[in-house]
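Before any comments, here is the structure.
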Amino acid sequence: WNLEDDEVIARQLKYEFKDTLFSMIIGWAINSAMILMAAATFFQPQNAKQVDDLATAGKMLTPLLGNAASVIFAAALLGILILLFLKGLYDYRQEQKRFRKRLHTDYGKKLEREYRPEWFTHICRYSDKHAGEFPIDEITWCDLNMDEVFKQMNYTYSSAGEEYLYYLLRNPQLEETYLVHMEEVIRYFDTHMEEREELQFIFSKLGKIGKFSIYDYLDYLDDLGERSNRKHYLALLLMLISIGIMVVNFSVGILALLAVVIYNNVTYFGMKKEIEPYITSFAYIFRLLNIYPEFKKHRAECLGEEFEEMELAFRQMDRFQRGSGIVMSGTRAGGSGSPLDMLMDFFRMGFHIDLIKFNQMLGEVRRHLDAVDTFLTHYGYIESCIAIGEYRAYLVDFCVPSFHEERRIRMVDGYHPMLTDPVRNTFETGKGMLITGSNASGKSTFLKTVAINALLAQSIHTCLAGDVPS
């Protein structure tokens, strides 16, 4: 249901024909019934009179349906709406069931995702914001073709997860305690299948943000400058004054009210266009907070510190959440076009309630950027650990590295991750090594295998070998 994800789009298109066929059959049945009723009622000689409103139509249906014609007609319309609602709900539930089943049956299978070119421009944003002491430089990253290695292990379902996983690969960890804790979390989810699948399902609700990173939007919040609600409150006050004048002089009061409403409608769209991109980021922040109550039901002992920090951040963002549906109803769903949404749009245009709430939410985000970052970091870390566990399930063979202080490097049966039928290599050295061989004999592949395994050892605590003491 995240329409920014190509995999989700392809999955939904798979069922488009069935949904379209079902809808056309219902439409054919409804239209046929209407035509038959019209033919039976309106084209009889005694009823040859013009029908230009529902009341007249209801009276003319009486010979066919009796005195309850209007009630039956209204009930039929209501039944159709209920049927369509139930159909949509059924499709949504079925898609959820199919997704949950895939989480179980496709665990550890080779990924078949496609990535758009713009994906490469925003995937690095979390890493840029939290760069470690010795990040991997661009030349080394490209020489090792690490983008492809990352794609191979990207079993994440949210932007927070994939950006954090990318950050791990770009920033080797220097503290062994961090990697020991990561290993504890990876093994926990590897041995607790139900908890893992529940969290993956929750992360799928969080979803991907689209063409940009959440940090792109947060960086540009300052471009909006200081925003005040004074003019919106003044317009509301003038509305109340106009209504008061109507009691004394109706003509003057109604003209004043119309003038204020017209002003609000004219100015609304300019202000709305200015804030529209930021509502996307606010919607994602809202989802970060909205999934937390369900997320913490699956709290693991090994994640005690992470959950304590998220609980504090959740309380700090309480004012952001209250009334946020005023701004994001319709935005989160991509604009449903329902009658209620259309009615609310007119209400927003007239009273600017979404602009007022947006300014309040903007102030809350600016005051609590650290709380937003806390959620992105911990959600990303937890989902990355789950993705690393699934990557291990995909690999033919892997090992957990062991660290030592000696200036030696040893690799047993190491192989390159991008080769389908790799030749494994074993070596050990404590000094320089000269590698010779003919062209295309595998010298570069061997060196890249050593480098990639050294990087994976200190980033995702996983090596593609039988043993790699680092």
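Quick note: numbers below take in every heavy atom, side chains included, and nothing from hydrogens, waters or symmetry partners.
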Of all the heavy-atom pairs spanning [X] and [Y], show the shortest one and how long it is.
X      : Y      : answer
Gly108 : Glu390 : N-OE2, 3.1 Å
Leu455 : Pro172 : CD1-CG, 3.6 Å
Ala160 : Leu376 : CB-O, 3.9 Å
Phe314 : Leu289 : CE1-O, 3.3 Å
Leu144 : Ile452 : O-CD1, 3.8 Å
Leu179 : Ala457 : CD1-O, 4.0 Å

In terms of heavy-atom contacts, does OH of Tyr90 have more than 12 from other residues, nucleotides or ligands at under 6.0 Å?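 No - once you tally the heavy atoms of other residues, nucleotides and ligands closer than 6.0 Å, there are 12 at most.
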His104 atom NE2: more than 12 heavy-atom contacts under 6.0 Å: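 It does not: His104 NE2 has 12 such atoms or fewer within range.
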Any side-chain heavy atom of [X] within less than 4.5 Å of one from [Y]?
X      : Y      : value
Tyr107 : Glu197 : no
Arg100 : Glu198 : yes
Arg98  : Lys101 : no
Lys129 : Leu218 : no
Ile136 : Met146 : no
Tyr233 : Arg230 : no
Tyr379 : Ser158 : no
Leu206 : Glu383 : no

Among pairs that include at least one residue of [range], which meet salt bridge (charged side-chain N to carboxylate O under 4.0 Å, His left out), considering only residues two or more places apart or in two chains?
range            : result
residues 365-381 : Glu364-Arg367
residues 241-252 : none
residues 144-158 : Glu148-Lys151

Return all side-chain donor-acceptor pairs below 3.5 angstrom for residues 235-263, not counting sequence neighbours, or 'none' if the list is empty.
| unit_1 | atom_1 | unit_2 | atom_2 | d |
| --- | --- | --- | --- | --- |
| Ser242 | OG | Leu238 | O | 2.8 |
| Asn249 | OD1 | Ser251 | N | 3.4 |
| Asn249 | OD1 | Val252 | N | 3.3 |

Between [X] and [Y], is there a donor-acceptor pair closer than 3.5 Å when you use the side chain of the first and the backbone of the second?
X      : Y      : value
His352 : Asn264 : yes
Gln173 : Ser459 : no
Glu163 : Tyr126 : yes
Glu309 : Thr374 : no
Ser384 : Gly161 : yes
Arg170 : Pro135 : no
Asn359 : Ile356 : no
Asn453 : Cys463 : no

Residue pair His181, Glu184: steps toward the side-chain contact (heavy atoms from CB on, under 4.5 Å) verdict: CA-CA 5 Å; His181 180 262; Glu184 184 181 6; 4.2 Å; yes
List in chain and number order the residues that pass side-chain contact (heavy atoms from CB on, under 4.5 Å) with [X], two or more places apart in sequence or in another chain; answer none if no residue qualifies.
X      : answer
Thr462 : Ile388, Arg392, Leu395, Phe398, Ile460
Gln152 : Tyr391, Tyr394, Pro417, Met418
Phe150 : Trp119, Ile123, Asn154, Glu162, Leu165, Tyr166, Leu169
Asp137 : Ile139, Thr140

Rounded at 0.5 Å granularity, tell me how far [atom1] in [X] sits from [atom2] in [Y].
X      : Y      : atom1 : atom2 : value
Gln316 : Arg319 : CD    : CZ    : 13.0 Å
Met153 : Leu111 : CE    : CG    : 10.5 Å
Glu195 : Phe189 : CD    : CZ    : 8.0 Å
Leu464 : Asp397 : CG    : CG    : 8.5 Å

Partners passing ring-ring contact (aromatic ring centres under 6.0 Å, His included) against His368 (at least two apart in sequence or in another chain): none
Please enumerate all residues that pass ring-ring contact (aromatic ring centres under 6.0 Å, His included) together with Phe358, with sequence neighbours excluded. Phe282
So, Tyr157 versus Phe203, ring centres under 6.0 angstrom or not?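 Not under 6.0 Å, so no.
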May I ask you to check whether Phe375 and Tyr292 place their ring centers less than 6.0 Å from one another?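 Yes, close enough.
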Could you walk me through whether Glu311 and Glu308 pass side-chain contact (heavy atoms from CB on, under 4.5 Å), step by step? CA-CA 5 Å; Glu311 188 67 35; Glu308 287 178 7; 5.7 Å; no
Audit row: Arg196, Gln200, side-chain contact (heavy atoms from CB on, under 4.5 Å) steps and yes/no: CA-CA 6 Å; Arg196 180 189 72 229; Gln200 285 181 303; 4.0 Å; yes
Could you go through Ile275 and Asp354, starting from their C-alpha distance and side-chain angles, then the distance that decides it, and tell me whether this counts as side-chain contact (heavy atoms from CB on, under 4.5 Å)? CA-CA 11 Å; Ile275 68 171; Asp354 55 334; 5.7 Å; no
Set of salt bridge (Lys or Arg N to Asp or Glu O under 4.0 Å) partners for Asp318, sequence neighbours left out: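 Asp318: salt bridge (Lys or Arg N to Asp or Glu O under 4.0 Å) contacts with Arg322.
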Once the angle between the rings of His130 and Tyr215 is folded into 0 to 90°, is it parallel (under 30°), tilted (30 to 60°) or perpendicular (over 60°)?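 Perpendicular.
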For residues 293-307, run the donor-acceptor check on the side chains, cut-off 3.5 Å, and write out each pair with its distance to 0.1 Å, sequence neighbours left out.
| unit_1 | atom_1 | unit_2 | atom_2 | d |
| --- | --- | --- | --- | --- |
| Glu294 | OE1 | Lys205 | NZ | 3.3 |
| Arg299 | NH2 | Gly304 | O | 3.4 |

Donor-acceptor pair between Asp106 and Tyr155 side chains, under 3.5 angstrom: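 No pair is found: no donor N or O on one side chain lies under 3.5 Å from an acceptor on the other.
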